[in-house]
Amino acid sequence: MGLLWIIIGIIIVILMITIPVVISKKETADITKLSTVTTKTTKMTTHELTTTVANPTTQVQSKPKYKKWKQHGITIAGGNGGGDQLNQLFFPSAISIDDKKAIVIVDYHNHRIVEWKYKSNNGEVIVGVNEEGNSLNRLVNPIDVVLDKEKNAIIICDTGNKRVVRLFRQSQTNPQILISNISCNGVAIDKDGSVYVSDWMRLDVRRWKEGDTDGTLIAGGNGQGSHLNQFNYPGSVFVDEDYSVYISDQQNHRIMKWKKDAQEGIIVAGGNGRGDHLNQLVQPYAVIIDNLDQMIIADCGNHRVMSWREGDINGSIVIGVNGYGDESNRLNSPKDVSFDVDGNLYVADTFNSRIQKYELCPE
Ligand SMILES: *[C@@H]1O[C@H](CO)[C@@H](O)[C@H](O)[C@H]1NC(C)=O
Ligand SMILES: *[C@@H]1O[C@H](CO)[C@@H](O)[C@H](O)[C@H]1NC(C)=O
């Protein structure tokens with residue numbers, strides 16, 4: 001009996017010694033963990049603080065006012081004289097480039113749409129048969145094209161047939177008529193997939209959502225003229241992220257911007273009469289906006305491409321030198337401009353029957 005009590009006593013003593021040791025070890029471990037976390041947090045905060053402080057300066061310094069492209073272009077489609085062979089184009093009037101750098105080209109005078117795959121020496125005919133016609137696989141003097149990347153479709157202004165048609169790129173079927181009885185002169189798509197079309201007869205721009213039978217008036221529709229709510233031959237159209245619509249108002253030699261739900265437009269480029277000063281344009285055919293919010297304009301009648309920022313009096317010449325020509329730094333009546341995914345600039349050099357590529361200059 002006495003022995004049992006001694007054993008119990010020893011066990012109690014052992015427990016009394018070990019328990020506090022275990023607990024204190026655990027506490028030490030927790031403290032170590034905590035202190036690591038604290039160090040990490042301090043580090044992160046310091047890091048975040050440094051970046052927050054550093055960012056505004058770097059952004060201001062590294063964001064160039066204008067992007068620059070090489071002055072000499074490379075011919076990447078056509079350039080073999082005006083003609084109807086597969087390595088030729090005849091007055092290409094518009095281009096659109098997909099994410100694989102395939103170029104969809106409106107081959108105006110050949111009444112066809114051709115696609116030149118990246119680095120290809122030939123085009124493939126997608127729609128049209130080199131002859132005019134109004135059956136669904138024929139086009140008459142197509143003017144403009146836009147890619148619907150979401151639906152993988154090509155939307156075409158089949159101007160001579162007074163209709164807008166759509167072709168799904170994967171299918172082997174004929175194009176379908178999207179809009180009829182329209183004097184289509186330019187086509188664009190917004191981020192929701194709505195289609196915008198300029199009509200040179202009605203002097204307006206309207207928008208169609210999928211399934212709409214009638215278009216909604218977006219700009220113009222107030223007759224021919226040079227007031228802010230009018231056009232004089234509306235051409236190509238571009239829609240930005242905020243649903244503002246940019247329209248090349250060709251015979252007013254200006255670019256108009258109509259904000260969403262606006263009753264009149266704003267002159268954002270040109271509008272100072274016909275001429276070749278830096279504040280003027282001559283029959284601008286196309287306008288696009290790059291990711292630095294600068295407009296790139298095909299200043300067709302001046303055989304040059306200009307960049308312009310809203311609010312600036314002057315634009316600056318991006319491509320082209322005085323007068324037209326077919327050298328690599330000259331253009332002849334450029335009618336469209338486009339970018340590829342890397343920001344290289346492409347120009348439909350219409351009267352030279354070629355598509356030129358200008359590489360983006362490294363900053
Ligand atoms: C076609 O549109 C014009 C207006 O541009 C209109 O006067 C005419 O009635 C329309 N024709 C048809 C068949 O809808
Ligand atoms: C605009 O360009 C002209 C030359 O065409 C120049 O004389 C003028 O100073 C420029 N104006 C501005 C505000 O840059």
Side-chain angles (χ1 to χ4, degrees), residues 67 94-99 104 143-157 164-166 178-179 182-200 202-222 227-250 252 254-271 281 284-298 307-312 315 336-339 341 343:
K67 278 187 185 171
I95 48 177
S96 201
I97 301 165
D98 74 8
D99 292 347
V104 175
I143 291 243
D144 201 9
V145 68
V146 71
L147 285 177
D148 181 342
K149 288 183 181 172
E150 196 76 28
K151 299 195 178 84
N152 199 19
I154 299 169
I155 302 171
I156 305 155
C157 272
V164 175
V165 298
R166 174 168 66 188
L178 217 51
I179 304 163
I182 188 162
S183 299
C184 175
N185 209 20
V187 62
I189 191 162
D190 69 16
K191 59 185 179 188
D192 306 329
S194 295
V195 175
Y196 295 64
V197 182
S198 67
D199 186 320
W200 62 268
R202 288 173 59 136
L203 296 144
D204 67 11
V205 175
R206 282 174 289 158
R207 182 194 65 211
W208 278 261
K209 292 194 166 139
E210 189 76 50
D212 280 357
T213 40
D214 295 317
T216 304
L217 183 69
I218 295 292
N222 298 299
H227 292 297
L228 293 176
N229 65 355
Q230 294 178 314
F231 294 114
N232 193 353
Y233 211 73
S236 96
V237 183
F238 181 91
V239 190
D240 74 9
E241 284 286 306
D242 304 321
Y243 306 98
S244 288
V245 181
Y246 296 75
I247 303 118
S248 49
D249 189 7
Q250 289 177 17
N252 281 325
R254 66 186 187 183
I255 303 294
M256 299 300 290
K257 175 182 182 178
W258 285 63
K259 290 187 178 160
K260 188 169 185 283
D261 302 325
Q263 298 302 306
E264 59 175 36
I266 307 161
I267 302 170
V268 287
L281 299 166
Y285 258 76
V287 56
I288 55 174
I289 315 290
D290 75 4
N291 54 7
L292 292 177
D293 281 340
Q294 68 179 337
M295 289 174 267
I296 301 292
I297 302 164
S307 67
W308 215 304
R309 270 174 191 275
E310 189 178 337
D312 283 359
D336 201 12
V337 281
S338 193
F339 295 117
V341 282

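Note: hydrogens, waters and symmetry copies are ignored here, and every other heavy atom, side chains too, is used.
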Passes side chain to side chain contact (heavy atoms under 4.5 Å, CB included), K149 versus I189? Steps please. CA-CA 10 Å; K149 288 183 181 172; I189 191 162; over 6 Å; no

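- Between F231 and the options D204, I247, D199, N222, a side chain to side chain contact (heavy atoms under 4.5 Å, CB included) holds for only I247.
- Side-chain contact between V287 and I296: absent, with no pair of heavy atoms (C-beta onward) separated by less than 4.5 Å.
- Panel note: side chain S194, backbone R207; no donor-acceptor pair is recorded below 3.5 Å.
- Under the 30°/60° scheme for interplanar angles, the aromatic rings of F238 and Y246 are found to stand perpendicular.
- When all heavy atoms of S236 and D144 are compared, the closest pair comes out as CB-OD2, 4.4 Å.
- Residues satisfying the side-chain hydrogen bond (donor to acceptor under 3.5 Å, both in side chains) criterion with Q263, sequence neighbours excluded, are absent altogether.
- Atoms CD1 and CD1, on I255 and I297 in that order, are 4.5 Å from each other to the nearest 0.5 Å.
- To the nearest 0.5 angstrom, N232 atom CG is 9.5 Å from Q250 atom CD.
- Put simply, the side chain of K151 reaches to within 4.5 Å of the side chain of R166, judged on heavy atoms.
- Of the possible polar contacts, none joining the S96 side chain to the V146 backbone as a donor-acceptor pair under 3.5 Å is found.
- Sorted by first and then second residue, the salt bridge (Lys or Arg N to Asp or Glu O under 4.0 Å) pairs involving residues 227-242 (not counting sequence neighbours) are K191-E241.
- Residues L228 and I267 have side chains in contact (heavy-atom distance under 4.5 Å, counting atoms from C-beta outward).
- Of all heavy-atom pairs spanning D214 and W208, the tightest one is C-NE1, 3.6 Å.
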Residue pair V195, V187: steps toward the side chain to side chain contact (heavy atoms under 4.5 Å, CB included) verdict: CA-CA 7 Å; V195 175; V187 62; 3.7 Å; yes

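- For the residue pair G220 and L217, the shortest heavy atom distance occurs at O-CD2, 3.8 Å.
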For side chain to side chain contact (heavy atoms under 4.5 Å, CB included), just list the numbers for V237 and V197, CA-CA rounded to whole Å, side-chain angles, deciding distance to a tenth of an Å, and then say yes or no. CA-CA 7 Å; V237 183; V197 182; over 6 Å; no

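- Side-chain polar atoms of Y196 and D190 form a donor-acceptor pair below 3.5 angstrom.
- When all heavy atoms of R254 and Q230 are compared, the closest pair comes out as NH2-O, 3.1 Å.
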Can you check side chain to side chain contact (heavy atoms under 4.5 Å, CB included) on L147 and I154, steps first, answer last? CA-CA 5 Å; L147 285 177; I154 299 169; 3.7 Å; yes

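- The heavy-atom pair separating I182 from R206 by the smallest distance is CD1-NH2, 4.0 Å.
- The minimum heavy-atom distance between V205 and V245, with the atom names listed, is CG1-CG1, 4.4 Å.
- By the 4.5 Å heavy-atom criterion applied to side chains, D192 and Y243 are counted as neighbours.
- Between K259 and I266, the closest side-chain pair of non-hydrogen atoms falls below 4.5 Å.
- Note that OG of S183 and CH2 of W200 are 5.0 Å apart. Values are rounded to the nearest 0.5 Å.
- Using a 4.0 Å cut-off between charged nitrogen and carboxylate oxygen, R309 and D312 do not count as a salt-bridge pair.
- A side chain to side chain contact (heavy atoms under 4.5 Å, CB included) with Y233 holds for exactly one of N185, D249, N252, L203; it is N185.
- Between the D336 side chain and the I95 main chain, a donor and an acceptor come within less than 3.5 Å of each other.
- For the pair C184/I179, no side-chain contact is recorded, criterion being any heavy-atom separation below 4.5 Å from C-beta on.
- From S244, atom OG reaches atom CD of E310 across 8.0 Å, with rounding to the nearest 0.5 Å.
- A 4.5 Å side-chain heavy-atom check between D98 and V104 finds every atom pair outside the cut-off.
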